[in-house]
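Have a look at the structure below, then the notes.
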2 protein chains.
Amino acid sequence: MQYSKSTDYALHALLHLGQSDRHNNVGIKELSVTLGVSESYLSKIMSKLRQDGIVRAVPGVNGGYELARPAEEITFLDVIQVIEGRQHLFECSNSNSQQHQLLAEAGDVPQEHERPKKIGCLVEKVMDGAEQHLHQYLREHTIQWVMDEAFKRCNHEVNKK
Amino acid sequence: MQYSKSTDYALHALLHLGQSDRHNNVGIKELSVTLGVSESYLSKIMSKLRQDGIVRAVPGVNGGYELARPAEEITFLDVIQVIEGRQHLFECSNSNSQQHQLLAEAGDVPQEHERPKKIGCLVEKVMDGAEQHLHQYLREHTIQWVMDEAFKRCNHEVNKK
DNA sequence: TAAATATGGACCCATGATGTCCATGATAAA
DNA sequence: TTTATCATGGACATCATGGGTCCATATTTA
Ligand code: SF4
Ligand code: SF4
């Protein structure tokens, strides 16, 4: 259970776009040599990012990519969800087993008025809770945050001299 | 990016063991029909759980599995790490690219005394931080917790009548 | 128009998840 | 001691997905 390499590439590509000047779009070629990934593969990733409104793309001579919105509005969660999809971390695969009856209905039979009762599974409750915590943290960190931190470190390094 | 079905099965198997009486071990056959999974496959999972000290197994007539320690000491994180492994959620795959130089050294050259400086990557810092939050939540929820909640619900249902 | 650039479909390969089957070993009951 | 019961682990089989390449096409600017 790991994030794919594509997520790695996407994050680094966005960081490069962020560091480049605004309104100065950078082509797939430059991104490719900077990240050390083939143009073919990287273009697939950039295409996804464009479809989800993270970057803008302009074809033709001197074309390329640029961030579609300020770097402080692009969170890690945004990027990850574009690449990895939005499926839940945990999805029950045997809700028709005997186990399910026990856990979901807690050994009791609530048959009045035929309500299915939608109590909500306890296992999913834990897993979804965990996922929420993960997502909250990823939502609080943006591309801009990384660039800011890098800048601070740079200054600190200079002051030490 | 999703937890595997094996994790699902492992959790449910442990819940079943927890609900069964202590010192009354349950065989792979019973687990198999309860969860609706083949004996062959489920036994692979139970074997893993045994190797990591989550359950105990005794062969022979009237043999089977039982929890190796109290249910309140078996966390969701324990189970997940046994099945999914202990690799990090994010592992950098291109630390020799040009990007890396920029981010890890923040555009500066700390060449005094040849220290590699081990500053720590900012991207990994975010991802590992997120992973810590995820793990913390999973560490706080145990097999016993699920059983307790199910019990509460059962009581609540009875009181309403 | 021509060169540069992004887009998207078709395809390939390696790896891992899921699952089955069987030979072997260990244990307790008869 | 014998035997039925049960767990263990290796060898496969199958399938989905990640990771990646190649090429034909469309779009834009010089
Ligand atoms: S109790 Fe929850 S996880 Fe278990 S089978 Fe039912 S829905 Fe699935
Ligand atoms: S900056 Fe971090 S994530 Fe990026 S290449 Fe270096 S180690 Fe990897």
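Reckoned from all heavy atoms, side chains included, excluding hydrogens, waters and symmetry mates. Residue numbers begin at 1 in each chain, while the letters A, B, ... track the order of the sequences. All values derive from a computational prediction rather than experimental measurement.
- Counted by atom type alone, B:D148 and B:Q144 present one or more donor-acceptor pairs between their side chains at under 3.5 Å.
- Shown here are the side-chain contact (heavy atoms from CB on, under 4.5 Å) partners of A:N62, two or more places apart in sequence or in another chain: there are none.
- For the side chain to side chain donor-acceptor pair (under 3.5 Å) test, residues two or more places apart in sequence or in another chain that qualify with B:T75 are B:D78.
- By the ring-ring contact (aromatic ring centres under 6.0 Å, His included) test, B:Y137 is found to be paired with A:H133, B:H141, residues two or more places apart in sequence or in another chain being considered.
- The side-chain hydrogen bond (donor to acceptor under 3.5 Å, both in side chains) contacts involving residues 39-51 of chain B comprise B:S6-B:Y41, where partners must be two or more places apart or lie in separate chains.
- Scanning for side chain to side chain donor-acceptor pair (under 3.5 Å) contacts around B:E30 gives B:H16, with sequence neighbours left out.
- By the side chain to side chain donor-acceptor pair (under 3.5 Å) test, A:S4 pairs with A:E84, sequence neighbours left out.
- Taking the 5' to 3' direction, DNA chain D first and last meets chain B under 4.0 angstrom from a heavy atom at D:dA4 to D:dA11.
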- How would nucleotides 11-27 of chain C be written as a contact map, 5' to 3', with B for base contact, S for sugar-phosphate-only contact and - for no contact, using protein heavy atoms under 4.0 Å? -------BBBB----BB
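- Contact between A:M46 and A:A13 at its shortest, heavy atoms only, is SD-CB, 3.9 Å.
- Residues passing the side chain to side chain donor-acceptor pair (under 3.5 Å) test with A:E91, sequence neighbours excluded: none.
- Rounded to an integer number of Å, the gap from A:I45 CD1 to C:dT7 C1' is 15 Å.
- Between the CE atom of A:M46 and the C1' atom of C:dG8 there is a distance of 16 Å, rounded to whole Å.
- Two end axes, each from the C1' atoms of five base pairs, can be drawn for the helix from C:dT1-D:dA30 to C:dA30-D:dT1; they diverge by 10°, to 10 degrees.
- When all heavy atoms are compared, the tightest approach of A:L35 to A:Y9 is CD1-O, 3.6 Å.
- Within 4.0 Å of A:Q2, counting heavy atoms only, lies no atom of the nucleic acid at all.
- Residues A:F76 and A:T142 are not in side-chain contact: their nearest non-hydrogen atoms beyond the backbone lie 4.5 Å or more apart.
- Distance, B:N24 CG to C:dA28 C1': 16 Å, rounded to whole Å.
- Phosphate contact (OP1/OP2 of C:dA6, side-chain N/O of A:R50, threshold under 4.0 Å): absent.
- Of the N and O atoms on the side chains of A:N94 and B:H12, not one donor lies less than 3.5 Å from an acceptor on the other residue.
- Every residue meeting the side-chain contact (heavy atoms from CB on, under 4.5 Å) condition with B:Q136, not counting sequence neighbours, appears here in chain and number order: B:R139, B:E140.
- The stretch residues 75-83 of chain A has no heavy atom under 4.0 angstrom from DNA chain C at all.
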